[in-house]
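Taking it in order: structure first as structure tokens, then the write-up.
Just so you know, these numbers use all the heavy atoms, side chains as well, and skip hydrogens, waters and symmetry mates.
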Amino acid sequence: MPTPESESFKAAKPTVPPTFDGVDYDDNKALKAAQDAVIREQWVQSMMARLIRDEMGKCYRREGVNHLEKCGHLRERYLQQLQHAKIKGYLFQQQNYIPERGS
């Protein structure tokens, strides 16, 4: 059962999506909130990759010579997560408009 989030955690949690779409750059609070949301999302992706890597290491040690068969699902998941795991910052997204793919 998950523990309830504390009030201080809820207060620090961003209320805006991790994108600069529709952000008024003259409004400093909105701009800072978007920057924080982008950075937080990048850290979440990085920590997810770390958790998967740790589980993969445990699986490799546990399975020994059979790790190629038994740990393949973790390896594939880790390789997919590595595409999003780098923390890039927010300046490129803030200064350059990149349209969503498929739109």
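- For V38 against T19, the heavy-atom pair with the smallest separation is CG2-N, 4.0 Å.
- Taking CE from M56 and CD1 from I52, the interatomic distance works out to 9.0 Å, rounded to the nearest 0.5 Å.
- The two residues K70 and C59 make their nearest non-hydrogen contact at O-SG, 4.1 Å.
- Put simply, CZ on R61 and SG on C71 are 10.5 Å apart, with the number rounded to the nearest 0.5 Å.
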Review point. How far apart are the C-alpha atoms of R50 and M47, what are their side-chain angles, what is the distance that settles it, and do they pass the side-chain contact (heavy atoms from CB on, under 4.5 Å) test?
Key: CA-CA 5 Å; R50 179 187 287 182; M47 292 299 114; 3.9 Å; yes
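- There is no path of hydrophobic side-chain contacts, each under 4.5 Å, that joins V16 to Y25.
- Hydrophobic cluster membership differs between L51 and W43, with clusters built from Ile, Leu, Val, Met, Phe, Trp and Tyr side chains linked at under 4.5 angstrom.
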Tell me which donor-acceptor pairs under 3.5 Å the side chains of residues 74-88 have, and how far apart each pair is, sequence neighbours excluded?
unit_1	atom_1	unit_2	atom_2	d
Q81	NE2	Q45	O	3.1
Q81	NE2	Q45	OE1	2.6

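- In this structure, OH on Y60 lies 13.0 Å from CZ on R53, to the nearest 0.5 angstrom.
- Between Y90 and F20, the shortest heavy-atom contact is O-CE1, 3.7 Å.
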